[in-house]
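These numbers were taken from a predicted model, which means no experiment stands behind them. Each chain gets a letter, A, B and so on, in the order its sequence line appears, and its residues count up from 1.
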Number of protein chains: 2
Amino acid sequence: MRTEHSRITDPTGEPPAGTPGLRADALHNRTRILETAREAFSTTGLDVSMAEIARRSGVGIATLYRRFPTKEALVTEAFSDQFAECVSVVDDALAHPDPWHGFCWVVEKVCAMQAVDRGFTMAFLSAFPDAAAFEKKRADAEHSFARLIQRAKDAGGLRADFAYEDLILLLLANGGVVTGSAAKAPEASRRLVAYLLEAFRADRAAPPADLPPAPSLDLEQVYCPPTA
Amino acid sequence: MRTEHSRITDPTGEPPAGTPGLRADALHNRTRILETAREAFSTTGLDVSMAEIARRSGVGIATLYRRFPTKEALVTEAFSDQFAECVSVVDDALAHPDPWHGFCWVVEKVCAMQAVDRGFTMAFLSAFPDAAAFEKKRADAEHSFARLIQRAKDAGGLRADFAYEDLILLLLANGGVVTGSAAKAPEASRRLVAYLLEAFRADRAAPPADLPPAPSLDLEQVYCPPTA
DNA sequence: CACCAAGCGGAGAACCCTCTCCACTTGCCT
DNA sequence: AGGCAAGTGGAGAGGGTTCTCCGCTTGGTG
């Protein structure tokens, strides 16, 4: 038998078990910190200081830093739920009977998430590129999305020269609109997405294809603004 | 007659006469500072420190600050040329015989300028919203652009529900793509612009107009990221 | 050619930020 | 009930930024 304090050992091996054996009060604090952080990052953006989050959570800075050794760790953890939601949105879209509508749905959904949450936008556009925790999920989502694209093309809804990188292009564009349009972000984002989806349609047969080639974008090599 | 040092009084009342009576060496420094700043802001973005600019210019920080009392002043001055170029691009477009091509031309041109100059993008998207020096020019450009839109609509090239705010939408989107795609910015920007221009065309008769209404964006109320 | 205001450089003030150290308190198990 | 590891808070280190102060240098003119 364990002579140590046999913490909340969490017999269910559930995924978010990032909290191995934590004393009850500590766990409570951790939860509060995460709530505060989510709230703050959502409304203000990623550039809320750690001191501010500690203050709003009613804990000392040291506590915050013991639970989340770096700011990056806190951000990663705070947004992991929404990130997972993104992934599941893609999977839902694959289940949609009409490939083109599935495609539109996922684009609209993810962009709407970006629009409503400033911090998520930044986190998503890999403001912290080495958030290894996201990598696996991102890879999965990429794979699923590639299938979604193929299906939508085959069904004739999506133009044939649509490239996977165009999704990143759209996300970056949407990110710019969202961070740029403040309170009006949701409407602005919706309008941009509507325009772009229209341009992505196959039926409006592409004019002399004067579309420049896709520049092989990669969320990894994305520039991260002055958040660091 | 003036008993003071009768500086370079600049008899030509040329517009950029922001330098009233400056000693020769001082003026030389000022020029060098501006060159350095333009270069630095272009490649690195607006978040180059004043100390760095002073160092690269080979002057002390105090000199830099005496010539440009705030960083904002320096940015404003550094980009005033390119800003003026934007304005003239719009005017050139108005001279173009084909309204739709004129419209496309100005959009492509301005977005290309954004794509090639990271600092200009930030400055343009009013990272410094109270740069009063820009206000007049901006107002002029807005007016000219409104005429351009009307002409393009009348000629049947531009879809009728295009709103002036869509230009801002496009600029913000382009800004996001540019800051997000680092070295590949020019290609990425060109591809985005091609997509959007396609969506703006009138001929591809708008489907059941499920386009959300334009959200009355305004470059004034634009959120400025963590540049300040 | 001498004078002196204009111009200069760099130290440092004041303010942010992230993250660390350490003495004190407290939950939990025996 | 008592012991002790786990948990805590706040001061402060170390880095960044913009911008200021002040004593020294120098261009240009009478």
**Asked** For the ring pair A/Phe79 and A/Phe83, is the centre-to-centre distance below 6.0 Å?
**Response** no

**Request:** Whole angstrom is fine here: how far is it from OH in B/Tyr65 over to P in D/dT17?
**Result:** 10 Å

**Prompt:** Just how far, in rounded Å, is C1' of D/dT17 from CG of B/Asp47?
**Reply:** 11 Å

**Request:** Would you mind classifying the nucleic acid contact of B/Ala62 as base, sugar-phosphate or nothing, using non-hydrogen atoms under 4.0 angstrom?
**Result:** base

**Asked** Any idea which of C/dG27, D/dT18, D/dG7 is nearest the A/Ala26 side chain?
**Response** D/dG7

**Prompt:** Could you give the CG-to-C1' distance, from B/Leu46 to D/dT18, as a whole number of Å?
**Reply:** 14 Å

**Complete:** In whole angstroms, the gap separating P of C/dC28 from CG of A/Asp25 amounts to 6 Å

**Prompt:** If you measure from CZ on A/Arg191 to CD on B/Glu165, what distance do you get to the nearest 0.5 Å?
**Reply:** 8.0 Å

**Complete:** When rounded to whole Å, the CZ to P distance for the pair B/Arg67 and C/dA6 reads 11 Å

**Request:** Considering just the side-chain nitrogens and oxygens of B/Asn29, establish if one lies under 4.0 Å of OP1 or OP2 belonging to C/dC8.
**Result:** yes

**Message:** Looking at D/dG7, I'd like to know if its phosphate oxygens (OP1 or OP2) sit under 4.0 Å from a side-chain N or O belonging to A/Thr63.
**Reply:** no

**Request:** Tell me whether the OP1 or OP2 atom of D/dT20 has a side-chain N or O from B/Arg66 closer than 4.0 Å.
**Result:** no

**Request:** Hey, could you give me the CD/OG1 distance between A/Glu39 and A/Thr44, rounded to the nearest 0.5 Å?
**Result:** 7.5 Å

**Asked** Okay, side chain of A/Arg56, backbone of A/Thr36: is any donor-acceptor separation there less than 3.5 Å?
**Response** no

**Prompt:** Separation of A/Glu72 atom CD from C/dT18 atom C1', in whole Å?
**Reply:** 13 Å

**Prompt:** In whole angstrom, what separates B/Ile61's CD1 from D/dC21's P?
**Reply:** 15 Å

**Request:** Compute the ring centroids of B/Phe162 and B/Phe103, then answer whether they are less than 6.0 Å apart.
**Result:** yes

**Prompt:** Looking across every strand, which nucleic acid part, if any, lies under 4.0 Å from B/Arg55 by heavy atom: base, sugar-phosphate, or nothing?
**Reply:** nothing

**Item:** Interatomic distance where CZ belongs to B/Arg30 and C1' belongs to C/dC8 [whole Å]
**Value:** 17 Å

**Asked** Between B/Arg23 and D/dG28, does any side-chain N or O lie under 4.0 Å from OP1 or OP2?
**Response** no

